[in-house]
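Presented below is the structure to which this report refers.
In what follows, chains are A, B, ... by sequence order, proteins preceding strands, each numbered from 1. Below, each value reflects all heavy atoms present in this structure, side chains not excepted, and no hydrogens, waters or symmetry copies.
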4 protein chains.
Amino acid sequence: MTEQKFIDKNSPGRRRNDKSHKAILQAALELLEQDGYRALTIEAIAARAGVGKQTIYRWWPSKAAVVLEAFTANAAMQIPLPDTGSLRQDLQEFFASTLHAGGERTALVLRSLMAEALLDPEFADQFKHIFIYARRNALGEVLTRGVERGQLTANVDIDFLLDLVYGVIWYRVLVQHAALNEELMEQMVDMIMRYSEK
Amino acid sequence: MTEQKFIDKNSPGRRRNDKSHKAILQAALELLEQDGYRALTIEAIAARAGVGKQTIYRWWPSKAAVVLEAFTANAAMQIPLPDTGSLRQDLQEFFASTLHAGGERTALVLRSLMAEALLDPEFADQFKHIFIYARRNALGEVLTRGVERGQLTANVDIDFLLDLVYGVIWYRVLVQHAALNEELMEQMVDMIMRYSEK
Amino acid sequence: MTEQKFIDKNSPGRRRNDKSHKAILQAALELLEQDGYRALTIEAIAARAGVGKQTIYRWWPSKAAVVLEAFTANAAMQIPLPDTGSLRQDLQEFFASTLHAGGERTALVLRSLMAEALLDPEFADQFKHIFIYARRNALGEVLTRGVERGQLTANVDIDFLLDLVYGVIWYRVLVQHAALNEELMEQMVDMIMRYSEK
Amino acid sequence: MTEQKFIDKNSPGRRRNDKSHKAILQAALELLEQDGYRALTIEAIAARAGVGKQTIYRWWPSKAAVVLEAFTANAAMQIPLPDTGSLRQDLQEFFASTLHAGGERTALVLRSLMAEALLDPEFADQFKHIFIYARRNALGEVLTRGVERGQLTANVDIDFLLDLVYGVIWYRVLVQHAALNEELMEQMVDMIMRYSEK
DNA sequence: GACTAACCGAGACGGTACGTCCCGTCTTAAG
DNA sequence: CTTAAGACGGGACGTACCGTCTCGGTTAGTC
């Protein structure tokens, strides 16, 4: 997914070693959980994966890219798009799966990726397109259908609502002053429904 | 405010050099704007400030702490607490001054500080208490008065509203997909007012 | 000879860069002559050799070790062992080549190495084995042959004679109150010959 | 003795604090024995002596000067000049007191002072005049009397003999391959006596 | 007895070098 | 041609001391 190189491989020479590939992703995640993102280094990943540094540099542009791929490769990425006919129910299901996808492990990775995105504009682009906008668009679809069905006022600013929802979620993930939980999700559904015609 | 060390100074010994102190804060901000936080180093700050590295390490635990103090020392920190009797007007004034306080320069610093907070739990604590919670509490005060005046429903969850507001603000500052502007502030006032009694 | 690490090199990995190796030794000697041993720093050697500091630390335990290798790598180390049948003549030749090997440049280096040996027991061991004892043993061989040939009394204490000879030489090199010259060498030959049978 | 400053003291002002003075010398020696000369720092001396750094810099030009004064202040400096009428006996007594004056503690200090002298020409001058030449001259006096009494050949080169004697002594102190002991002293007396008329 | 100059402890200051860590690149032998 | 290994030039780290400079406070004379 983050793979830049197109692998045709009618050419001679050894092919990409899938074992190393996986070992690298695995090692990155393990070290991240063990010592935190700040202490994560390419050298440490290579050492733990039993891999040469060059092998990492050959396939990824930065350690953040490794972590991003390790993260997106995990199942956690799937966000089913509910379409029950009821906006309230769609939202409840969407938020439920969002909640379900993210534990503390996930939050740790997200904080690391966001930190990197804040420091490296190049990575920020990747991160936004692969992760942030993908989520936004999914929820945007749900809300748009809500408008189409007349369950939200026609003049509602969907982008503002998306900012509200993901704003809160990221804010809690980053600041860690309160957990992401069902109560929050319920409150968000309620908040959004206040934008129904009346 | 950000000073960790309690300076009694009936003790002997040379006092802290205020000129150097200020030069360090100034140098940090300048370099930050010039080259970005990633490229900011203690050595560069010391060099530009014309100061020994030890003088920085003597007074701050990390470069992030320097930036935080430089940031909070700037006037930009003042958030007047409006109390007009009208919740809507209080909110409008509060948001207006929030907006006014932060230009792109401010956003740049905030992204840097947040990145650091995400990577360094120790710094995160400082940052939250000095900046994040201070802001939250201020707005919390405004909202509480709104409840007391009966301008918000008694059972509203103020913490949730604070998360919504600061969630959006941080989300835009961090993701940079849209600007903080008056329209947004207006929308937030409107959103909050939807929690009025009827 | 001074190489500590045993280099097998059937192992993979880039080999030691011989150009850098030599540049380091050269730079060390140049800086030593320019500014003196006290002013000699690893950083300066690295800078002048156009080399990373780590490359020096990788191969030598201290700057003294660099200087020692630079010194011993120079031809100046060769001490031919004369064996003419005549003790007096052997001594004359041995002292002549000793004298010839060492100019003021050499004395400068020897003073530096001795200073370091006095301050660093670990280095002292190396220095003694590579340099001091090597010289001692060579002259010891000459004297032993003198005894075997009956040109020195059988009960002479060769170690004492060695201490006398190298004591004087080092004393003059270190204290610098008088030069090492042919007259001195002649006097030493004469002194030793006083230990002949009659 | 090593005092540079001429103290007239008709002027007002506090006089030198003798307690601090002694504490500094004491602290220097203790630290030297504990950790070696390399690890000896002005800061450590000041700390252990309970003294400000400035107080040291006010009275001594370098840490070596402190050690030198601490050393010379010790009784160990007294070398009685024997004059028994017999060269052999004079030498025996002279060497005996030399031996007696110097234990391992002394040797440690001498190695430190010599190391410093090798690295700092300014200190070398002081050291030579205060210590090295003083000893040389004393023994020179003994030998001169030996010549005058006809117990050494008239054409003997006294300076050469002095180099032999102190060469050996320093060589053993510095290289530490053999102890200074009575046997050595006996051998040196014997060696010198070989320069008697016949 | 007050004045005053020098000394004292503490400790901050600008600076230099230390030895270490990692970066991203390059060069091997092996597969 | 890729891989693991590992040396390379480079840059910043955080620390240790250097020798200097202020501080408040003490001490001992001279006036």
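With contacts defined as side-chain heavy-atom distances shorter than 4.5 Å, the pair C/Val109/C/Tyr37 does not qualify.
In this structure, the CD1 atom of C/Ile56 is 14 Å from the C1' atom of E/dT20, given to the nearest Å. Rounded to an integer number of Å, the gap from A/Glu43 CD to F/dC8 P is 14 Å. Spacing between atom CH2 of C/Trp60 and atom C1' of F/dC8 amounts to 13 Å, rounded to whole angstrom units. With rounding to whole Å, D/His21 atom NE2 is found 10 Å from E/dC8 atom P. Between D/Gln54 atom CD and E/dC13 atom P the separation is 17 Å, expressed in whole Å. Across the protein-nucleic acid pair, B/Lys19 atom NZ and E/dG14 atom C1' stand 14 Å apart, rounded to whole Å. The separation between D/Ile42 atom CD1 and F/dT20 atom C1' is 13 Å, rounded to whole Å. In this structure, B/Ile45 atom CD1 and F/dA12 atom P are separated by 12 Å, rounded to whole Å.
For F/dG19, its base sits under 3.5 Å from the side chain of D/Lys53 at one donor and acceptor pair at least. The base of F/dC23 is not paired with the side chain of B/Arg14 by any donor and acceptor separated by under 3.5 Å.
B/Gln34 and B/Glu30 share no donor-acceptor pair across their side chains, judged by distance under 3.5 Å alone. Checking B/Glu69 against B/His21 by side-chain atom types alone, a donor-acceptor pair falls below 3.5 Å.
Nearest-nucleotide positions on DNA chain E place B/Asn17 closer to the 5' end than the other of B/Asn17 and C/Ala44. Heavy-atom nearest nucleotides on DNA chain F were determined for C/Ala49 and for B/Lys63, and the one closer to the 5' end corresponds to C/Ala49. Comparing A/Leu40 and B/Ser20, the nucleotide of DNA chain E nearest to each residue sits closer to the 5' end for B/Ser20.
Side chain of B/Thr55 to main chain of B/Val51: no donor-acceptor pair is present (N/O by atom type, distance under 3.5 Å, no hydrogens or angles).
Taking only side-chain nitrogens and oxygens, A/Arg58 comes nearer than 4.0 Å to OP1 or OP2 of F/dT3. Remark: B/Ser11 is not in phosphate contact with F/dC23, judged by side-chain N or O atoms under 4.0 Å from OP1 or OP2. The side chain of D/Arg15 places an N or O atom within less than 4.0 Å of a non-bridging phosphate oxygen (OP1 or OP2) of F/dG29. The phosphate of F/dC8 has OP1 or OP2 within less than 4.0 Å of a side-chain N or O from C/Trp59. Of the side-chain N and O atoms in B/Thr55, one or more sit less than 4.0 angstrom from OP1 or OP2 of E/dG14.
C/Trp60 carries C/Arg16 over the face of its six-membered ring, with the cationic atom under 6.0 Å from the centre and within 45° of the normal.
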